[in-house]
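Reckoned from all heavy atoms, side chains included, excluding hydrogens, waters and symmetry mates. Order of appearance sets the numbers: ligands from 1, and atoms from 1 within every ligand.
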Amino acid sequence: MDGFQEEHGLIYLDSAATSFCDPLVVQAMDDVYAQKLGNPRASHKSGVKALSLILEAEDVLKKHLNEEYVIWTSGATEANNIAILCPTCTGKLVTCTTEHKSVLLPCQHAPQDNLVCIGVDENGLINMKELEKHIKDKPRLVSIMFVNNETGTRQPVAEIGKLCKKHGVLFHVDATSAFGKLPIDMKAMNIDMLTIAGHKIYGPQGVGALLLSKKALQIIQKKPLMYGGVPQHGIRPGTTPTVLCVGFGKAVQLAYERMQADYEHVCKVRDTLWKNLKKMFPGVHKNGIDDWPYILNVAIPKKENVDLHTLFSQYYLFSGGSACSTGKPSHVLSSMKVDIDNYDCFRFSFGRYTTLKDVSLDPLRT
Ligand code: PMP
């Protein structure tokens with residue numbers, strides 16, 4: 001990443017945890033700050049101007065995701081909680097063992113008669129037969145992520161959406177890792193609710209959104225989770241942050257413009273790192289399916305008297321698993337039955353600013 005190593009003395013290979021703001025996003029946010037706008041809920045001129053900027057950003061999300069309703073949140077965690085913790089809902093909840101904690105934990109705390117966590121195979125792919133069986137029982141919600149944040153495994157979301165539609169089941173997708181990196185059409189994929197976050201696509205931290213179909217909105221609207229002033233669609237109260245929404249909107253616009261170029265770039269980066277890892281650690285293998293170049297999750301055979309994590313940490317910023325569960329064994333890798341006793345696992349993740357030099361592994365050779 002240009003300039004990062006010079007500034008921090010380390011190489012950043014953790015873009016899946018957070019990506020740095022694109023300079024054009026910073027510029028867009030600075031422009032809004034410079035306007036000194038009022039509260040977007042205020043009825044005076046300055047408030048109306050702020051609201052118009054939020055609505056413009058909202059239109060960018062709606063256009064790209066093909067859905068009608070947006071609730072701005074503080075990030076993906078809040079969006080997942082709003083989608084799942086429906087206070088008036090009853091019935092079975094269906095999710096997957098490899099979901100992010102911001103899905104698994106609300107599922108445990110949500111009103112439900114029964115919580116079903118469907119398992120995955122060694123590649124991290126959900127057991128579709130098992131899932132279909134439970135969808136036929138008409139649960140109140142199915143929540144399955146698009147792309148896994150630790151391994152990059154992509155779930156068959158369109159196929160799951162079709163099944164949910166056939167059986168009249170509400171479908172929520174945590175698309176935090178996928179959004180802005182592949183096209184998502186909520187209507188075509190039969191997704192009722194979709195979670196996204198700004199800081200995974202070179203936008204600011206502290207802003208995310210839940211997109212909803214009319215059907216989902218009507219269900220969620222029955223009883224809000226939080227109470228306060230002028231809630232968005234009767235659901236999320238509080239002042240909507242104009243600057244962050246504009247920054248997120250700009251990041252989305254750029255992500256779609258650069259989708260193909262970013263994809264081609266990270267493919268080169270991932271392939272280069274994989275080639276270099278294989279040369280240096282002959283027993284290395286990949287965890288998960290190899291169809292998501294933004295993330296490379298690898299298992300390297302443990303060596304006696306060598307702490308590989310300490311070695312890599314001297315030069316690189318990376319993650320053992322999700323940044324949100326640092327220090328604990330990964331529930332995702334455990335679900336995939338990865339042999340964590342005999343292998344050290346690393347999640348390296350890349351983005352627009354990762355350079356081929358960043359993945360040369362030269363520092364480990366010196
Ligand atoms: N879902 C997934 C798949 C994620 O990767 C993350 C962030 N690690 C989250 C949800 C939570 O995102 P946020 O930090 O924006 O709340």
Regarding [X] and [Y], does a basic nitrogen lie under 4.0 Å from an acidic carboxylate oxygen?
| X | Y | result |
| --- | --- | --- |
| D262 | R352 | yes |
| K162 | E132 | no |
| E67 | K187 | yes |

*Pick one of side chain, backbone, both or neither for how D174 approaches ligand 1, counting any non-hydrogen atom pair under 4.0 Å.*
side chain

*Check A197 against ligand 1 and report side chain, backbone, both or neither, counting heavy atoms closer than 4.0 Å.*
side chain

*Number the atoms of ligand 1 from 1 as they appear, then name those within less than 4.0 Å of a heavy atom of M145, with their elements.*
3 (C)

_Those atoms of ligand 1 less than 4.0 Å from some heavy atom in N149_ = 3 (C), 5 (O)

_Is it the case that the side chains of N80 and S102 hold a donor-acceptor pair, with the cut-off being a distance below 3.5 Å and no angle test?_
yes

_Looking only at the side chains, is there a donor atom on one of Q27 and D31 sitting less than 3.5 Å from an acceptor on the other?_
yes

Going by heavy atoms, is [X] under 4.0 Å from ligand 1?
| X | result |
| --- | --- |
| H199 | yes |
| Q205 | no |
| G208 | no |

_I want to confirm something. Looking only at heavy atoms, which of S74, A76, A178 is nearest to atom 12 (O) of ligand 1?_
A76

_Judged on heavy-atom distance to atom 16 (O) of ligand 1, which of V207, V147, T77 sits nearest?_
T77

*Over 60° means perpendicular and under 30° means parallel, so classify the ring planes of H309 and F346, tilted if in between.*
parallel

*asked:* Taking distance alone, with N or O pairs closer than 3.5 Å, would you say E78 contacts ligand 1?
replied: no

*asked:* Using a plain distance cutoff, I'd like to know if A16 has any nitrogen or oxygen under 3.5 Å from a nitrogen or oxygen of ligand 1.
replied: no

*Pairs involving residues 276-305, ordered by first then second residue, that meet salt bridge (charged side-chain N to carboxylate O under 4.0 Å, His left out) (sequence neighbours left out)*: R154-D291, R270-D290, K286-D290

*Can you tell me which residue pairs pass the salt bridge (charged side-chain N to carboxylate O under 4.0 Å, His left out) test with a partner in residues 70-90, sequence neighbours excluded?*
E78-R236

